[in-house]
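To start, the structure under review is shown below, and the notes come after it.
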Amino acid sequence: MSDSQEETFFIGNLHFDAKEADLTAAFQGRGHKVSTVKVARDREENRSRGFGFATVLVREGVDVVEDMYGVEILNRPIRIAVSTSGRSNQ
């Protein structure tokens, strides 16, 4: 498909109770196709560390950051940016 490609996004300001399903639902609710989602978790308490990553199929002409920035997940507005990490986030 030349008119779409996968891109990984950093999602910040997540509620500590946020789960992968919450992120997936937020993206899908705005028409985005999500291939993977990962919420960073505290190893001791297994709760969200307040950030995560989502790999999304980006359609040509669609600005995912603009569309998703400030969307509320568990009553908290998220921050989103294209991930600049050089490693896999899975």
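Below, each value reflects all heavy atoms present in this structure, side chains not excepted, and no hydrogens, waters or symmetry copies. From a predicted model like this one, the values you see are computed outputs, not experimental measurements.
Within the model, atoms CG of L14 and CZ of R76 stand 8.0 Å from one another, a figure rounded to the nearest 0.5 Å. The structure places CE of M68 at 7.5 Å from CD1 of I11, a figure rounded to the nearest 0.5 Å. Of the inter-residue distances, the one linking N13 atom CG with I80 atom CD1 reads 12.5 Å to the nearest 0.5 angstrom. To the nearest 0.5 Å, atom CG of residue L74 and atom CG of residue D22 are 4.5 Å apart. Between I78 atom CD1 and I73 atom CD1 the span is 4.5 Å, to the nearest 0.5 Å.
Between the side chains of S35 and T55, not a single donor N or O lies within less than 3.5 Å of an accepting N or O. Between the side chains of S4 and E60, no donor-acceptor pair is found at a separation under 3.5 Å.
E20 places a side-chain N or O within donor-acceptor distance of the main-chain N or O of V39, the cut-off being under 3.5 Å. For the pair D42 (side chain) and R49 (backbone), a donor-acceptor distance under 3.5 Å is absent.
In E66, the CD atom is not crowded: 12 or fewer heavy atoms of neighbouring residues, nucleotides or ligands sit closer than 6.0 Å. In the displayed structure, R41 atom CZ is contacted under 6.0 Å by more than 12 heavy atoms of other residues, nucleotides or ligands.
In plain terms, the two heavy atoms of S48 and A18 that are nearest each other are CB-O, 3.9 Å.
In this structure the side chain of H15 never reaches within 4.5 angstrom of the side chain of N75, judged on heavy atoms.
In this structure F16 satisfies the ring pair (Phe, Tyr, Trp, His ring centres under 6.0 Å) test with no other residue, sequence neighbours excluded.
Criterion: ILVMFWY side-chain heavy atoms under 4.5 Å apart, direct or through other members. Under it, Y69 and F51 are not part of a common hydrophobic cluster. No path of Ile, Leu, Val, Met, Phe, Trp and Tyr side chains, each step under 4.5 Å between heavy atoms, connects L57 with V64, placing them in separate hydrophobic clusters.
Less than 6.0 angstrom separates the ring centroid of F53 from the ring centroid of F10.
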* To do: Let me see the working for R30 and D67 under salt bridge (charged side-chain N to carboxylate O under 4.0 Å, His left out), right down to the final yes or no.
  => CA-CA 8 Å; R30 297 187 68 89; D67 186 52; 3.0 Å; yes
